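Working notes, beginning with the structure itself.
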2 protein chains.
Amino acid sequence: MSENDVILTAPEPALDQPGKVYEAIREDIISGRLEPNARLKVADLAASYGTSTNPVREALQQLRGEGFVVMEANRGARVVAIDEAFVRDIIEIEVLIEPALTRWFVSIVTDADIAELEAAQAEIEALNFSDPQRHGQLDTRFHQLIYDRHYNRHAADLWWKHREILRAISRRFPTSLSRRVAVLSEHRELIACIRRQDAEGAAAIVARHVEGSGRHIIEQMGVAKRNGPRKRPA
Amino acid sequence: MSENDVILTAPEPALDQPGKVYEAIREDIISGRLEPNARLKVADLAASYGTSTNPVREALQQLRGEGFVVMEANRGARVVAIDEAFVRDIIEIEVLIEPALTRWFVSIVTDADIAELEAAQAEIEALNFSDPQRHGQLDTRFHQLIYDRHYNRHAADLWWKHREILRAISRRFPTSLSRRVAVLSEHRELIACIRRQDAEGAAAIVARHVEGSGRHIIEQMGVAKRNGPRKRPA
DNA sequence: ATGCCACAAATAATGTACGATCTGTTCGAA
DNA sequence: TTCGAACAGATCGTACATTATTTGTGGCAT
């Protein structure tokens, strides 16, 4: 067995429906259970998920198409390496897309939408980062309220895909105090701009929000690297 | 055999290397040989490409991940429907991304780069749209000179993917005279801005360029639809 | 004794074949 | 005409064969 192989403790029992293997592998990748750059051997995965090799192979191909997995001919698949450059790249794209989506949202927003945003934000503030996992869900939902309504499915899907990746990375790192403060205040400012129909202001805040998020993640990745690589940060 | 099935004339002989089936199907999709919404039956495709079903299945999964194919469980795959909304969506994304890539290019451009751009543009003007296929290649190369150098591989890849789709669609339609004039003048303006290090000007022109391209394609799609759907427009 | 090349066995990806299961349709009876 | 069961067609899963790459071993020259 070589340096970094696939080790999944539980031979998760019987997920039969088509497409389930795909979701399982994908979830294992973005949740970090399958580490970046880990080799993905079809036989091992098939054993882990309790199926034969074909579903695994097809799942890997789909994941390759989505960019979660890189493959070399006759040399198999690996989990894509998610490094600082990777994060920077998708953040740069989001800095362009999210303000545009937000601007449009301002033009179609209703009172009910704003109420939902405020409810989501209230939950986030009530939780106050005590449960990082849960915070990630809530934060995603907050922004999803804004983006999911957009007519441009391509843009919204792109956002969602990037979001899942970033959320998976963030899960491994703590959120600095300054970042927590910034997140809360930026959310509040965003809601305020939306309410007063200030599209440009909202777009500017979102751009700042995304940039800040990216900067924070990259900083945390740097810290983790300097402290030496380890499986599970305390 | 139902309304729209896969009909490929030649049972193209023996493409053995791994990944070749994927490229063949992909090429058949973006070139329009496989029409939008056509059903993709693995057995038929396997016969067409002279392999067994498994390579085809995996190729389809990868194409699904890339968004060229949509699949329903137990109901197989279809070529994604490329309609006006589809084009509008990716154009909207490109209007955001391409100016950003261009802005950065202006900041790192060398004399040699500009010379290459001018050479490409000279070829385009010499050809003067007499061969649409070739024009598509040249135009792609022109913009590729600008985007391929960017450090953000995600953004550049996204551009490339969108570019291929748009090029495949454009191939089916003629280019209006007004569009031809606009393309040439915008290219020239772009080079001028780049030379005088006017990043904002270049970005603005690119935005206009992309928007105009999208508008033109959508108009042509509308014309084709009103004239009744047909396989090969004269 | 050490380093390097050639060759052989193991490991894993890729391709082929077949059976099971699901979906849509058609034919027949109420 | 409508409901239902049998049939056909295609997808999805399993098992197996083939091919490529890697690894380990042994011999040979330095």
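Remember, it's a predicted structure, so these values are computed and weren't measured experimentally. Note that these values count all heavy atoms, side chains included, but never hydrogens, waters or copies made by symmetry. Reminder, nothing fancy here: chain letters follow the sequence lines and each chain counts from 1.
- In this view, E84(A) and K225(A) satisfy the side chain to side chain donor-acceptor pair (under 3.5 Å) rule, not counting sequence neighbours.
- In this structure, OH of Y49(B) is placed 15 Å from P of dG15(C), rounded to the nearest angstrom.
- Look at D113(B) and R149(B) and you find a salt bridge, because one of the NZ, NE, NH1 or NH2 atoms lies within 4.0 Å of a carboxylate O, short of that distance.
- The side chain of R39(A) places an N or O atom within less than 4.0 Å of a non-bridging phosphate oxygen (OP1 or OP2) of dA13(C).
- Atom pair N74(A):CG and dA10(C):P shows a separation of 21 Å (rounding to whole Å applied).
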Self-check item: Full working for side chain to side chain donor-acceptor pair (under 3.5 Å) between E27(A) and Y22(A)
Solution: CA-CA 8 Å; E27(A) 185 58 30; Y22(A) 158 77; over 6 Å; no
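- Between A77(B) and T53(A), the residue anchored nearer the 5' end of DNA chain D, judged by the nucleotide with its closest heavy atom, is A77(B).
- The aromatic ring centres of W160(A) and Y147(A) sit 6.0 Å or more apart.
- Mapping E72(A) and R75(B) onto DNA chain C via the closest heavy atom, the residue that lands nearer the 5' end is E72(A).
- Of the residues in residues 57-66 of chain B, R57(B) come within less than 4.0 Å of DNA chain D through at least one heavy atom, sorted by number.
- Rounded to whole Å, the distance from CE on M71(B) to C1' on dT23(C) is 15 Å.
- If you measure from atom NZ of K41(B) to atom C1' of dT23(C), you get 13 Å, rounded to the nearest angstrom.
- Straight-line distance from the CG atom of L40(B) to the C1' atom of dA10(D): 13 Å, rounded to whole Å.
- In this model, no donor atom of one side chain and acceptor atom of the other lie less than 3.5 Å apart for Q144(A) and R141(A).
- When rounded to the nearest whole Å, the span between CG of N54(B) and C1' of dT11(D) equals 12 Å.
- Ring orientation note: the planes of F142(B) and H187(B) are close to parallel, at an angle under 30° on the 30°/60° scale.
- Computed from coordinates, the K20(A) NZ to dG13(D) P distance equals 12 Å when rounded to whole Å.
- With dA13(C), dG15(C), dG13(D) as the choices, the nucleotide that has an atom nearest any side-chain atom of V42(A) turns out to be dA13(C).
- Looking at T140(A) and R163(A), their side chains do bring a donor and an acceptor atom within 3.5 Å of each other.
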